[in-house]
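Quick note: numbers below take in every heavy atom, side chains included, and nothing from hydrogens, waters or symmetry partners.
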Amino acid sequence: MPEKKKFERLPSNVRPELYNLCLKPNLKTFKFEGREIVSLKILQPTDKVIFNSIDLEIKDVLLKLLPAGESLIPEFKLSAEDETLTLLFRETLPVGDAELTIEFSGELNAKMKGFYRSKYAKTPGEAEDYFAVTQFEATDARRCFPCWDEPAIKARFDISLVVDPTKVALSNMPVEKECENSDGLKVVKFSRTPIMSTYLVAFVVGDFEYIEDTSSDGILVRVYSPPGKKEQGKFALFVATKVLPFYKEYFQIAYPLPKMDLVAVSEMSAAAMENWGLVTYRETHILVDEANTSAATRQTVAIVVGHELAHQWFGNLVTMEWWTHLWLNEGYASFVEFLCVDYLFPEYDIWTQFVTDSHCCALERDALKNSHPIEVPVGHPAEVDEIFDDISYNKGASVIRMLHKFIGDDDFRKGMNLYLTRHQYANTFTENLWAALEEASSKPIQSVMSTWTKQMGFPVITVESSVQENNSRTLVLSQRKFCAEADQNDDDSMWMVPLSFCKKSKPTEECYSTILSDKKAKITIPDVAPDEWIKLNPGTVGFYRTKYPTELLQQFVPSIEDKSLPPLDRLGLVDDLFALIQAGQASTIDGLELLQAMKEEDNYTVWANISGNLQKMHHLLYNTDFDHLFSAYGLQIIKPIYHKLGHENKPDEKHLTTLLRSLVLNRLVKFGDKDFAKIALEKFEKHCKGTGVIPADLRSVIYRAVISADGKNAFTALMNLFEATDMLEEKDRILHSFSALTDVSLVDEILKFALSEKISPPNAVNAIISVAWSKVGRDKSWEFVKQNYDILREKYSGGFLFWRIIKYTTENFASEEQAKDIETFFADKDMSGVDRVVQQSLETVRNNAAWLGRDKDSIRNYLEKL
């Protein structure tokens with residue numbers, strides 16, 4: 001591959017202060033016309049002005065020097081490689097004010113970036129219709145209008161949209177006035193925005209209905225949805241109207257805009273986008289149909305709404321200076337979303353779920369050599385999409401959770417208020433956050449936290465010895481960088497680790513805390529009886545792994561079995577042990593025996609972690625001739641909780657019980673339970689006939705069960721359901737059922753369908769990934785990606801969808817031969833935006849191969865004796 005040109009940020013000699021922007025989108029031709037007048041401040045004499053533009057036709061450019069009013073017509077050059085527009089002047093522009101006028105046009109593209117067109121979700125027989133919507137993060141505002149498209153170059157915006165009079169037009173601010181022009185079109189002028197980054201500017205034009213309410217602090221909140229779906233916005237409206245005043249009280253800063261619109265969009269590359277005052281959401285992450293939405297989706301809607309509204313302060317009001325500090329936006333919002341959901345829905349026990357959904361995912365990804373620091377250097381815009389990942393979101397949130405525990409909630413809130421107040425309407429670096437928290441808490445935040453954000457990875461804390469001395473326990477602890485690769489090299493990385501401990505007599509209370517700042521330390525914990533265990537990291541708050549000697553690990557087993565050890569600690573022990581197993585630092589048999597001891601487990605979040613580890617092993621053993629023995633083992637583990645829960649929802653049962661049943665039934669399906677398959681087939685037949693509708697919470701697992709047991713017939717019936725519904729959650733359920741495929745003859749048909757025009761881009765990606773997660777479709781989906789790489793790249797690049805395809809079609813293999821095949825394929829490919837994903841997949845495949853090579857025979861022997 002040719003060496004890339006070194007990326008350079010925009011010059012600082014000219015800065016925009018105000019964009020007066022008018023756009024006229026045409027939803028029939030999929031073109032738009034634009035005109036902007038940008039008020040500029042020329043800070044240094046220059047004969048050229050450089051800013052961003054890509055995929056736009058520039059028609060006329062005029063620069064007027066102020067106050068004299070001298071008009072200059074420059075030459076201009078567009079660079080597709082640099083995504084820039086350069087204006088060249090014959091004379092040097094003096095320091096002062098200027099006004100730049102540009103007329104341009106562009107396409108409402110079908111790539112879900114920039115200003116793009118999206119189809120409404122329709123049922124058969126309905127006429128095809130489109131709306132226009134924006135997705136500018138990270139660097140796609142430049143596809144809609146020429147601009148200084150960097151987060152630190154903030155400005156104000158006066159926005160007008162010229163639209164069909166029958167259409168709804170929305171932007172960041174409320175409508176200031178509407179009128180009709182000479183062509184009979186509606187001109188909608190919006191109020192001036194506060195100073196803001198270009199990636200947060202947004203427009204929506206189309207047929208939408210809305211419901212509205214006013215929050216207790218006086219903010220008008222509306223949820224916009226396609227025609228016929230506005231009642232499905234009620235739950236999100238409830239959440240939004242409660243979240244805004246919660247954040248106002250938590251941050252001690254009012255939401256700064258006069259309105260908040262939430263818009264349901266059928267086609268988005270991300271789950272949602274936090275545009276200031278006009279947040280867009282994929283329909284599945286905002287609409288709740290009381291009869292057809294599952295409890296899991298309802299919970300997801302609450303979390304995603306909470307996340308995007310947190311950004312209105314943390315990201316929008318105060319913005320990272322450059323994408324290197326993306327985690328300041330995403331990590332913090334990913335932490336705060338749980339605060340607000342816990343406040344609104346305590347029955348979700350959401351902080352326990354955080355550990356499996358965020359903390360453990362981040363640990364797994366960050367153990368790879370091809371991970372990256374939380375603060376990752378970012379150059380060219382193509383690199384930005386790759387860091388919208390588990391590190392920026394989940395590790396960022398986990399490290400903030402650890403910090404929150406370290407300094408306490410009161411000082412944390414004081415520090416947040418100080419940070420937001422000091423930097424509102426401006427841009428920041430990570431150090432600005434640490435300075436505010438250090439000032440509020442009088443603790444060494446900078447020195448502690450820089451070890452977590454500036455270097456990649458995290459430590460494993462090893463308990464090297466444990467000695468009882470009278471009524472105290474002395475532990476010798478050491479830290480070392482944890483690596484998923486078994487044969488890791490020595491690494492000098494070291495962290496300042498906030499350590500905490502609990503003991504058997506008081507398992508829910510912290511009995512001791514300290515900071516480990518050296519490679520090794522001796523720690524004496526007082527008031528410990530000789531017969532009780534000591535456990536590190538109660539609540540699994542610290543972002544590290546813990547390794548105990550076998551005899552100490554065994555001490556926890558009785559407390560795991562009788563569940564006197566709290567759920568998060570049971571979960572942490574399981575997750576740490578399986579991570580050590582994968583890294584060759586523990587035996588797989590130890591893990592299998594620990595799971596045997598957890599047959600009576602009944603906590604949803606602990607089961608979510610157990611299920612995840614069972615899934616990893618199941619995928620690993622796809623590469624063997626005895627994976628059926630593992631399925632039998634899995635059924636032994638899962639059957640006790642299945643018999644306790646049953647396969648029917650019960651009236652007024654707890655939220656987490658509903659989630660647990662769905663999780664358990666999904667494991668039964670993957671392990672091929674024939675009894676449940678019969679039940680599922682009966683329910684599905686009645687569902688298709690309309691004589692017995694499957695409850696929303698069970699629909700996904702029933703679909704998986706029937707496609708596993710009755711391949712072609714079930715596939716035909718499911719595709720009929722797919723075509724008949726306009727509910728995106730239902731379409732997703734059907735597509736996700738393909739992960740349970742057992743009929744290889746269906747794989748090609750599904751992958752062909754994914755390339756057709758009959759399916760939306762996000763749904764197509766779901767179909768490809770689901771097939772890749774099935775045993776029969778894994779190899780074929782990778783071959784499909786190789787054969788259609790250029791098509792897929794063209795269709796999905798520049799968003800989050802393309803790297804998801806690459807990740808999930810490559811990382812489940814477990815042989816050096818397959819790793820070499822992946823490596824060879826990408827050797828001459830343009831990997832912009834997916835380079836890190838490819839390297840992570842290669843590492844994962846080789847780690848899988850090493851794990852299988854180490855423990856294959858012992859696993860087989862263990863399973864054969866059951």
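A distance of 9.0 Å separates NZ in Lys113 from CD1 in Ile54, rounded to the nearest 0.5 Å. Separation of atoms CZ (Arg192) and CG (Asn172) is listed at 14.0 Å; rounding is to 0.5 Å. Between atom CZ of residue Arg836 and atom CD1 of residue Ile391 there is a gap of 9.5 Å, rounded to the nearest 0.5 Å. Expressed to the nearest 0.5 Å, how far CD1 of Ile286 lies from CZ of Phe235 amounts to 11.5 Å. Residue Thr284 holds its OG1 atom at 11.0 Å from CZ of Arg733, rounded to the nearest 0.5 Å. Here the CG atom belonging to Leu278 is positioned 9.0 Å from the OH atom belonging to Tyr224, to the nearest 0.5 angstrom.
Taking each heavy atom of Ser737 and Leu718 in turn, the nearest pair found is OG-CD1, 3.8 Å. Considering all non-hydrogen atoms of both residues, Ser841 and Thr810 come closest at OG-OG1, 2.8 Å. Nearest heavy-atom pair across Arg156 and Pro194 is CG-C, 3.9 Å.
Side-chain contact annotation: Thr809 with Ser781, donor-acceptor N/O pair under 3.5 Å absent. Side-chain contact of Thr280 with Gln135: a donor-acceptor pair under 3.5 Å is absent, judged by distance alone. His311 and Glu330 share a side-chain donor-acceptor pair at under 3.5 Å. Side-chain contact annotation: Thr300 with Thr297, donor-acceptor N/O pair under 3.5 Å absent. For the residue pair Lys154/Thr319, the side-chain donor-acceptor check at 3.5 Å is satisfied. No side-chain donor from either of Thr241 and Ser215 sits under 3.5 Å from a side-chain acceptor of the other. One side chain, Asn766 or Asp732, offers a donor N or O that lies under 3.5 Å from an acceptor on the other.
Two residues are said to be in side-chain contact when any heavy atoms from C-beta on lie closer than 4.5 Å; Glu729 and Ser294 meet this criterion. The side-chain heavy atoms of Met320 and Pro151, taken from C-beta on, include a pair separated by under 4.5 Å. In this structure, the side chains of Asn20 and Glu36 stay at 4.5 Å or more apart for every pair of heavy atoms. The shortest distance between side-chain heavy atoms of Asn275 and Val201 does not fall below 4.5 Å. The shortest side-chain heavy-atom distance between Leu317 and Gln312 does not fall under the 4.5 Å cut-off. Considering only heavy atoms from C-beta on, Phe32 stays 4.5 Å or farther from Ser105 through its side chain. Residues Arg282 and Pro762 have side chains in contact (heavy-atom distance under 4.5 Å, counting atoms from C-beta outward). In this structure, Asp207 and Val168 have side chains that are not in contact, with every pair of non-hydrogen atoms separated by 4.5 Å or more.
Screening Leu287, Val304, Val265 against Tyr281 for a side-chain contact (heavy atoms from CB on, under 4.5 Å) leaves a single residue, Val304.
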Worksheet item: Can Glu267 and Arg117 be said to form a salt bridge (charged side-chain N to carboxylate O under 4.0 Å, His left out), step by step?
Response: CA-CA 9 Å; Glu267 296 178 350; Arg117 65 184 186 265; over 6 Å; no
Discussion item. Let's go through Glu33 and Lys59 carefully: what are the C-alpha distance in whole Å and the side-chain angles of both, what is the deciding distance for salt bridge (charged side-chain N to carboxylate O under 4.0 Å, His left out) to 0.1 Å, and is it a yes or a no?
Written reply: CA-CA 10 Å; Glu33 297 174 9; Lys59 296 180 177 178; 5.2 Å; no
Worksheet item: How far apart are the C-alpha atoms of Phe753 and Phe722, what are their side-chain angles, what is the distance that settles it, and do they pass the ring pair (Phe, Tyr, Trp, His ring centres under 6.0 Å) test?
Response: CA-CA 12 Å; Phe753 175 62; Phe722 183 91; 5.7 Å; yes
Worksheet entry | side-chain hydrogen bond (donor to acceptor under 3.5 Å, both in side chains) between Ser266 and Ser118, worked out | CA-CA 7 Å; Ser266 53; Ser118 174; 3.1 Å; yes
Fill in: Verdict with reasoning, Phe115 to Phe136, per ring pair (Phe, Tyr, Trp, His ring centres under 6.0 Å)
CA-CA 8 Å; Phe115 199 12; Phe136 290 165; 7.5 Å; no
Item to complete: Test side chain to side chain contact (heavy atoms under 4.5 Å, CB included) on Phe715 and Glu749 and set out the steps.
Response: CA-CA 10 Å; Phe715 175 72; Glu749 190 170 347; 3.4 Å; yes
Worksheet item: Given the rule in the ring pair (Phe, Tyr, Trp, His ring centres under 6.0 Å) test, do Phe784 and Tyr789 qualify, once you have shown the distances and angles that lead to the verdict?
Response: CA-CA 8 Å; Phe784 168 84; Tyr789 184 80; over 10 Å; no
Item to complete: Apply side chain to side chain contact (heavy atoms under 4.5 Å, CB included) to Leu792 and Ile768, showing your working.
Response: CA-CA 11 Å; Leu792 295 170; Ile768 296 166; 4.2 Å; yes
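Remark: side-chain polar atoms of Ser171 are paired, donor with acceptor, to backbone N or O of Ala202 under 3.5 angstrom. For Thr134 (side chain) and Phe203 (main-chain N/O), a donor-acceptor pair under 3.5 Å exists by modelled atom type. Lys259 places a side-chain N or O within 3.5 Å of a backbone atom of Gly277 that can act as its donor or acceptor partner. Of the possible polar contacts, none joining the Glu730 side chain to the Thr293 backbone as a donor-acceptor pair under 3.5 Å is found. Checking side-chain atoms of Asn763 against main-chain N and O of Ile759 turns up no donor-acceptor pair under 3.5 Å. For the pair Lys186 (side chain) and Lys167 (backbone), a donor-acceptor distance under 3.5 Å is present. With Asn52 contributing its side chain and Glu83 its backbone, the two residues share a donor-acceptor pair below 3.5 Å. Within the 3.5 Å criterion, the main-chain N or O of Leu185 finds no donor-acceptor partner in the side chain of Asp183. A donor-acceptor contact shorter than 3.5 Å links the side chain of Ser79 to the backbone of Asp82. Glu337 contributes no side-chain N or O that, together with a main-chain N or O of Val305, makes up a donor-acceptor pair within less than 3.5 Å.
In the displayed structure, Glu178 atom CD is contacted under 6.0 Å by more than 12 heavy atoms of other residues, nucleotides or ligands.
Residues Arg222 and Glu212 are paired through a salt bridge, judged by an N-O separation under 4.0 Å between the basic side chain and the carboxylate. A salt bridge between Asp149 and Arg142 is present, with a side-chain N of the basic residue lying under 4.0 Å from a carboxylate O of the acidic one. A salt bridge does not link Asp697 to Arg699: none of the charged nitrogens lies less than 4.0 Å from a carboxylate oxygen. Salt-bridge formation is detected for the pair Lys780/Asp748: a Lys NZ or Arg NE/NH1/NH2 atom is positioned less than 4.0 Å from an Asp or Glu carboxylate oxygen. Between Lys229 and Glu283 there is a salt bridge, since a side-chain N of the basic residue sits under 4.0 Å from a carboxylate O of the acidic one.
Note: Tyr255 and Tyr247 fail the aromatic proximity criterion, with ring centroids not under 6.0 Å apart. Residues Tyr199 and Trp323 bring their aromatic ring centres within 6.0 Å.
With sequence neighbours left out, the side chain to side chain donor-acceptor pair (under 3.5 Å) criterion links Ser700 to Arg704. With sequence neighbours excluded, the residues satisfying ring-ring contact (aromatic ring centres under 6.0 Å, His included) with Tyr19 are Phe145, Phe157.
Using cut-offs of 30° and 60° for the angle between ring planes, the Tyr120 and Phe131 rings count as tilted.
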